[in-house]
Amino acid sequence: SPSGRGGHTKEEEDDESLAERVRARVKLAAGTGRLDLSHLGLRELPPEVFDLGPALTELAASDNLLESLPEDLGRLENLRRLALAGNRLRSLPRAFGQLKALEGAWLHGNCLEVLPEDLGGLLALRDCSLAGNRLSSLPAALLGGLPALERLSLAGNRLASLPDAPTAMLRGLGGGSGGGCALRDLALNGNALEELPSDLFARLPRLESLHLQGNRLSRLPPGMGGLRALGDLCVADNRLRALPAGLSDLPGLRLLTAYGNNLSSLPPGLGAGPALQGLWLEGNPLPADDIERLLEEAALAGTGSGPRL
């Protein structure tokens with residue numbers, strides 16, 4: 001490449017300029033606790049980032065070219081927010097699972113194939129986005145074993161199955177309490193799920209939104225009637241032949257999206273839900289009697305303009 005100032009190539013000058021910008025931002029972060037290295041074309045995070053140690057509470061390095069993270073991530077013991085979306089990460093270091101102060105992790109749009117098996121240290125994690133990766137399996141703790149986790153997106157991965165309940169939850173499930181799981185929003189759409197664990201709903205009793213669209217499910221597990229807070233259920237574009245009878249008993253169900261399945265019957269009372277605002281059932285081989293009963297239930301309950309069939 002042509003030489004620039006002082007005989008340096010243009011590439012060398014660009015690298016030096018980038019390094020200077022990074023150093024300046026790291027120096028500033030030492031005082032603010034917040035570091036933004038997004039959109040810089042970084043292939044790795046410089047060591048100075050981890051030298052910030054406990055001083056760093058927020059780290060954003062989205063839309064770079066990162067392929068891996070070092071175990072030094074664990075030195076950021078007070079990190080609360082970690083944004084690494086839109087990189088090329090294939091895995092995460094074991095230290096990720098021990099970030100006890102971490103409240104939000106945005107890791108969507110990477111190439112993650114596996115997660116650390118031990119996530120037990122993520123005691124403060126509330127929001128976690130892992131959509132648009134290549135995950136084919138999950139650590140057990142991710143679905144019911146993290147006490148603060150409220151929102152989890154796993155959409156657009158390669159999941160064919162979900163893990164069994166974490167060992168720590170088994171006693172709580174036996175008592176019907178669902179343990180201490182706080183999960184409210186769960187997105188699993190766009191995977192390859194053929195079935196769900198039989199105890200899934202028992203371990204997620206606080207679910208308000210569940211998205212399962214675009215999988216290969218032929219049935220849903222029992223216990224859906226226990227999801228008393230569920231307001232939005234999307235099971236469209238699967239292979240379901242029936243919907244659980246417990247759906248009719250959910251007092252807060254507002255939206256049920258079930259188009260593009262193989263439904264040949266509907267549970268009695270489905271159209272009479274007190275909170276129901278939308279019911280989407282297009283593209284199912286439903287008999288005329290079920291449709292007529294559903295419309296009558298909706299009319300008697302005053303459910304908007306009726307379901308979309």
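Atoms considered below: every heavy atom in the structure, side chains included; atoms not considered: hydrogens, waters and symmetry mates. Throughout, numbering of the chain's residues begins at 1 and tracks the sequence.
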Applying side-chain contact (heavy atoms from CB on, under 4.5 Å) to D118 and Q98, what does each step give before you reach the verdict? CA-CA 8 Å; D118 184 6; Q98 304 305 316; 3.3 Å; yes
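- Look at E150 and R126 and you find no salt bridge, because none of the NZ, NE, NH1 or NH2 atoms lies under 4.0 Å from a carboxylate O.
- A heavy-atom distance below 4.5 Å is not found between the side chains of L233 and L227.
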Verify side-chain contact (heavy atoms from CB on, under 4.5 Å) between D249 and R228, making sure each step is shown before the conclusion. CA-CA 8 Å; D249 301 324; R228 309 303 288 176; 4.1 Å; yes
Check the pair L186, L143 against side-chain contact (heavy atoms from CB on, under 4.5 Å), reporting the backbone distance first and the verdict last. CA-CA 9 Å; L186 176 59; L143 285 175; 4.0 Å; yes
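- L255 and V235 are members of different hydrophobic clusters when ILVMFWY side chains are connected at heavy-atom separations under 4.5 Å.
- Both L200 and L130 are part of a single hydrophobic cluster, where members link through side-chain heavy atoms under 4.5 Å apart.
- A 4.5 Å side-chain heavy-atom check between P70 and F50 finds at least one atom pair inside the cut-off.
- None of V22, L59, L35 except one satisfies the side-chain contact (heavy atoms from CB on, under 4.5 Å) rule with L45; the exception is L59.
- Listed here is the closest heavy atom pair of K100 and A124: O-CB, 3.5 Å.
- Closest approach of S265 and D290 over heavy atoms only: CA-OD2, 3.2 Å.
- No side-chain donor-acceptor contact under 3.5 Å links S218 to the backbone of R239.
- Separation of atoms CG (N87) and NE2 (H108) is listed at 10.5 Å; rounding is to 0.5 Å.
- The side-chain heavy atoms of L243 and M224, taken from C-beta on, include no pair separated by under 4.5 Å.
- Looking at L82 and L76, their side chains never come closer than 4.5 Å, going by heavy atoms from C-beta outward.
- Using a 4.5 Å heavy-atom threshold, the side chains of L135 and N191 count as separate.
- Side chain of E297 to main chain of G269: a donor-acceptor pair is present (N/O by atom type, distance under 3.5 Å, no hydrogens or angles).
- For the atom pair E71 CD and L69 CG, the distance stands at 9.5 Å (nearest 0.5 Å).
- Across all their heavy atoms, R21 and L40 have their closest contact at NH1-CD2, 3.8 Å.
- Remark: the backbone N or O of S129 is not paired with any side-chain donor or acceptor of S153 at under 3.5 angstrom.
- The cluster map of Ile, Leu, Val, Met, Phe, Trp and Tyr, joined by side-chain heavy atoms under 4.5 Å apart, puts V114 and L138 in different clusters.
- Considering CZ of R134 and SG of C111, their distance stands at 4.0 Å, rounded to 0.5 Å.
- Shortest non-hydrogen contact noted between R25 and S38 is NH1-O, 4.4 Å.
- Note: the hydrophobic cluster containing L142 also contains L112 (ILVMFWY, side chain heavy atoms under 4.5 Å, direct or indirect links).
- A donor-acceptor pair is defined here as one N or O able to donate and one able to accept, closer than 3.5 Å; no such pair exists between the side chain of N189 and the backbone of L212.
- How far CZ of R184 is from CG of L152: 12.5 Å, rounded to the nearest 0.5 Å.
- By the side chain to side chain contact (heavy atoms under 4.5 Å, CB included) test, A236 is found to be paired with Q213, C234, T257, Y259, residues two or more places apart in sequence or in another chain being considered.
- Considering CG of L52 and CG of N78, their distance stands at 12.0 Å, rounded to 0.5 Å.
- A continuous path of hydrophobic side-chain contacts links L42 to L56 [ILVMFWY only; heavy atoms under 4.5 Å].
- A salt bridge links R75 to D51: one of the charged nitrogens lies within less than 4.0 Å of a carboxylate oxygen.
- Between P244 and L220, the shortest heavy-atom contact is CD-CD1, 3.8 Å.
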Please determine whether side chain to side chain donor-acceptor pair (under 3.5 Å) holds for the pair D185 and H211, giving the CA-CA distance in whole Å, both sets of side-chain angles, and the decisive distance to 0.1 Å. CA-CA 8 Å; D185 300 320; H211 283 211; over 6 Å; no
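- Contact check for L204 versus C181: side-chain heavy atoms found under the 4.5 Å cut-off.
- In terms of modelled atom types and a separation under 3.5 Å, the side chain of N238 and the main chain of N215 share a donor-acceptor contact.
- Remark: L73 CG to F96 CZ distance equals 8.0 Å, nearest 0.5 Å.
- With a 4.5 Å cut-off on side-chain heavy atoms, L294 and L286 do not count as touching.
- L256 pairs with exactly one of L230, L250, L279 by the side-chain contact (heavy atoms from CB on, under 4.5 Å) rule, that one being L279.
- Here the closest non-hydrogen pair linking L281 and A258 is CD2-CB, 3.8 Å.
- No donor-acceptor pair closer than 3.5 Å links the side chain of R81 to the backbone N or O of R34.
- When the shell of 6.0 Å around CZ of R219 is examined, it contains 12 or fewer heavy atoms from other residues, nucleotides or ligands.
- A 4.5 Å side-chain heavy-atom check between D72 and P47 finds every atom pair outside the cut-off.
- Side-chain N or O atoms of N133 include none that pairs as donor or acceptor with a backbone N or O of N157 at under 3.5 Å.
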